[in-house]
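Just so you know, these numbers use all the heavy atoms, side chains as well, and skip hydrogens, waters and symmetry mates.
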Amino acid sequence: MASKFLNLGTKLLNSTKSLVNWTPIRRSGTANGRNWIGTRQKLLAFGALTGTAGLLLYALDASVEASSDCVHPPKQNWDHNGVLSAIDKEGVRRGYKVYKEVCASCHSLQYIAYRNLVGVCMTEAEAKAEAEGITVHDGPDDNGNYYDRPGKLADHFPLPYPNEEAARAANNGAYPPDLSYIVAARKGGEDYIFSLLTGYCEPPAGFSLREGLYYNPYFSGGAIAMGQLIDSEVVSYDDPDVAPSASQIAKDVVTFLKWTSEPEGDDRKILLIKVIFILTFLTGISYYIKRFKWSSLKSRKIFFMPEIEAKSKSKNGGDKCPK
C-alpha cells in the first residue's frame, strides 16, 4: 500500500513539473488574460505539490506503522469518544479505586490534585477524606522547620518513589512512567492501554526473555518489566451489579486514565455545543438582516430611456442650469 502511494506521489510530482514548464500556445490576448493563465498555473502547481506532500507523509506513516515491532491494538467502542458523549463518572470512580489499590504502588499521577476529583467521581467531603489519608512533608514554618501534615484538596497525588533512581532500583532498572497523560501520550490511546493490560500471554517458540521480564505482544519488543497486575477480582467493587472481571477492571482504569489526560474534556464538549448553537443563531439573524437591508438595492432595475430624458430637458429649458 505504501509503495502505491509513493508511485502516485511521484506521478503527481512529475505532472507538477510539466504544469510549471507549460506555456500557452495562444500568444494573443490581453494582459489580464495572460496574468490569469500564470496565476492558474501557480495554483495548479501548488495544489499538486500539496497533495504530493500529503500522500508522501501518509505513505511514510503507513510504512513506519507496518514495520512496527508490536501488535497493533484492536479498535474498541468507547462510550466517551462521541462528540456529545460524556465520560462515565461511575467508571472513573471505579478506575480510581483500581489505580489506588493496584497501580499507585509504582506509577504516579503527579499532575492530578485531589480537588480535581470533586464533582467528577467524588463529593467534596469524600475528596477531603481521600486527601487526608496521605502525609505531606511541608514547610518551612515560622521557625524554619519542615513538618508533616495531613493532605488537603490542593495537594497532588503522592509519588511512589522519592526519585527516578529509587524507582529504577525497585523495578529491575525499568522506570514506571507517570500516568497523568499516558492515554494522550501513547499512539492508540485507550485501545493501546486496554490491550496492554489484558494482552499478557506465553511467549512464542524461540522468543527468549530475560529474568524479570514478561511477554506482551502489544508492547514494543514484546518484553515488558511490568507483570500482569490486572486479573479477575484483583479489586472488589462497591456496586454488586458490576462484576470485577479482568476486562471490566482494565476498562475502568483506562476510563480513569482518559479522564486524567483530559480533566476538562466534558467542559470542552459543552462549550462546543454552546458555540455551535450561538453561531447558528447569529448566522440566521445575519442572513435575515442582510436580505432585509439589501433587498431593495438588489431588486432595483435601472433603464436608460432617451425619450424620457429628452422630455425632462425640454421641460427644464434644455441644458441651461437654473439661476
Side-chain angles (χ1 to χ4, degrees), residues 5 9 12 35-36 39-62 65 73-96 109 111-124 127 153-154 156 179-194 251-252 254-302:
F5 279 112
L12 284 176
N35 292 336
W36 161 244
T39 305
R40 186 183 176 209
Q41 291 180 15
K42 293 178 182 179
L43 291 175
L44 290 175
F46 178 75
L49 288 175
T50 304
T52 303
L55 288 175
L56 290 177
L57 290 175
Y58 179 80
L60 179 62
D61 180 74
E65 188 172 348
K75 186 70 175 177
Q76 305 292 337
N77 186 20
W78 299 96
D79 297 333
H80 53 259
N81 280 343
V83 178
L84 303 178
S85 301
I87 198 162
D88 182 12
K89 294 186 177 181
E90 291 295 330
V92 173
R93 185 182 181 92
R94 294 192 299 267
Y96 169 73
L109 281 175
Y111 299 108
I112 302 298
Y114 284 96
R115 66 174 179 270
N116 299 126
L117 301 175
V118 178
V120 179
C121 60
M122 293 184 184
T123 62
E124 185 175 352
L153 288 178
H156 288 70
L179 299 182
S180 302
Y181 300 103
I182 194 67
V183 172
R186 296 293 184 268
K187 186 174 182 179
E190 305 101 305
D191 298 330
Y192 169 75
I193 304 298
F194 180 84
K251 177 186 176 183
D252 291 336
V254 169
T255 302
F256 172 71
L257 294 178
K258 172 63 177 179
W259 170 78
T260 61
S261 297
E262 292 181 297
E264 72 288 345
D266 288 348
D267 296 333
R268 290 180 179 178
K269 292 181 180 180
I270 294 175
L271 180 61
L272 176 62
I273 295 173
K274 293 179 180 179
V275 168
I276 292 176
F277 177 77
I278 294 174
L279 286 180
T280 303
F281 177 75
L282 293 179
T283 301
I285 293 295
S286 301
Y287 179 75
Y288 173 77
I289 294 176
K290 180 256 182 185
R291 296 280 295 181
F292 178 75
K293 292 293 185 181
W294 289 85
S295 59
S296 59
L297 295 177
K298 297 188 71 172
S299 60
R300 180 180 299 175
K301 295 182 179 180
I302 301 176

> How far apart are the closest heavy atoms of I112 and P263, and which atoms are they?
Replying inline: CD1-CG, 4.3 Å
> With a 4.5 Å limit on heavy-atom distance, are the side chains of Y96 and V120 in contact?
Replying inline: no
> How many angstroms lie between atom CD1 of I285 and atom OG1 of T280, to the nearest 0.5 angstrom?
Replying inline: 12.0 Å
> Is any side-chain heavy atom of I87 closer than 4.5 Å to a side-chain heavy atom of D266?
Replying inline: yes
> Quick one: does D191's side chain have a donor or acceptor within less than 3.5 Å of a partner on Q76's backbone?
Replying inline: yes
> What distance separates R291 CZ from Y288 OH, expressed to the nearest 0.5 Å?
Replying inline: 11.5 Å
> In Å, rounded to the nearest 0.5 Å, how long is the span from NE2 of H156 to CZ of R115?
Replying inline: 5.5 Å
> How close do A184 and S261 get, heavy atom to heavy atom, and via which atoms?
Replying inline: N-OG, 3.6 Å
>> Any heavy-atom pair between the side chains of Y192 and K187 that's under 4.5 Å?
In response: no
>> So which atom in K89 and which in G119 form the shortest heavy-atom distance, rounded to 0.1 Å?
In response: NZ-O, 3.3 Å
> Can you name the residues that form a side chain to side chain contact (heavy atoms under 4.5 Å, CB included) with D88, not counting sequence neighbours?
Replying inline: E90, R94
> Angle class for the W78/H80 ring planes (parallel below 30°, perpendicular above 60°, tilted otherwise)?
Replying inline: tilted
>> Can you tell me how far apart CG (L117) and CZ (R93) are? Round to the nearest 0.5 Å.
In response: 10.0 Å
> Is there a side-chain contact between E262 and R268 (heavy atoms, below 4.5 Å)?
Replying inline: yes
>> I'd like to check T260 versus L257 (side-chain heavy atoms, cut-off strictly below 4.5 Å). Are they in contact?
In response: yes
>> So, taking the atom named NZ in K251 and the one named OG1 in T255, what distance separates them when rounded to the nearest 0.5 Å?
In response: 6.5 Å
> Hey, are the side chains of F256 and V183 touching, using non-hydrogen atoms and a 4.5 Å cut-off?
Replying inline: no
> Taking the inter-plane angle between the rings of Y111 and Y181 on a 0 to 90° scale, is it parallel (under 30°), tilted (30 to 60°) or perpendicular (over 60°)?
Replying inline: tilted
> Hey, are the side chains of I193 and K258 touching, using non-hydrogen atoms and a 4.5 Å cut-off?
Replying inline: no
> Under the 3.5 angstrom rule, does the side chain of S85 hit a backbone N or O of N81 as a donor-acceptor pair?
Replying inline: no
> Roughly how far, to the nearest 0.5 Å, is the CG atom of L272 from the CG atom of D267?
Replying inline: 12.5 Å
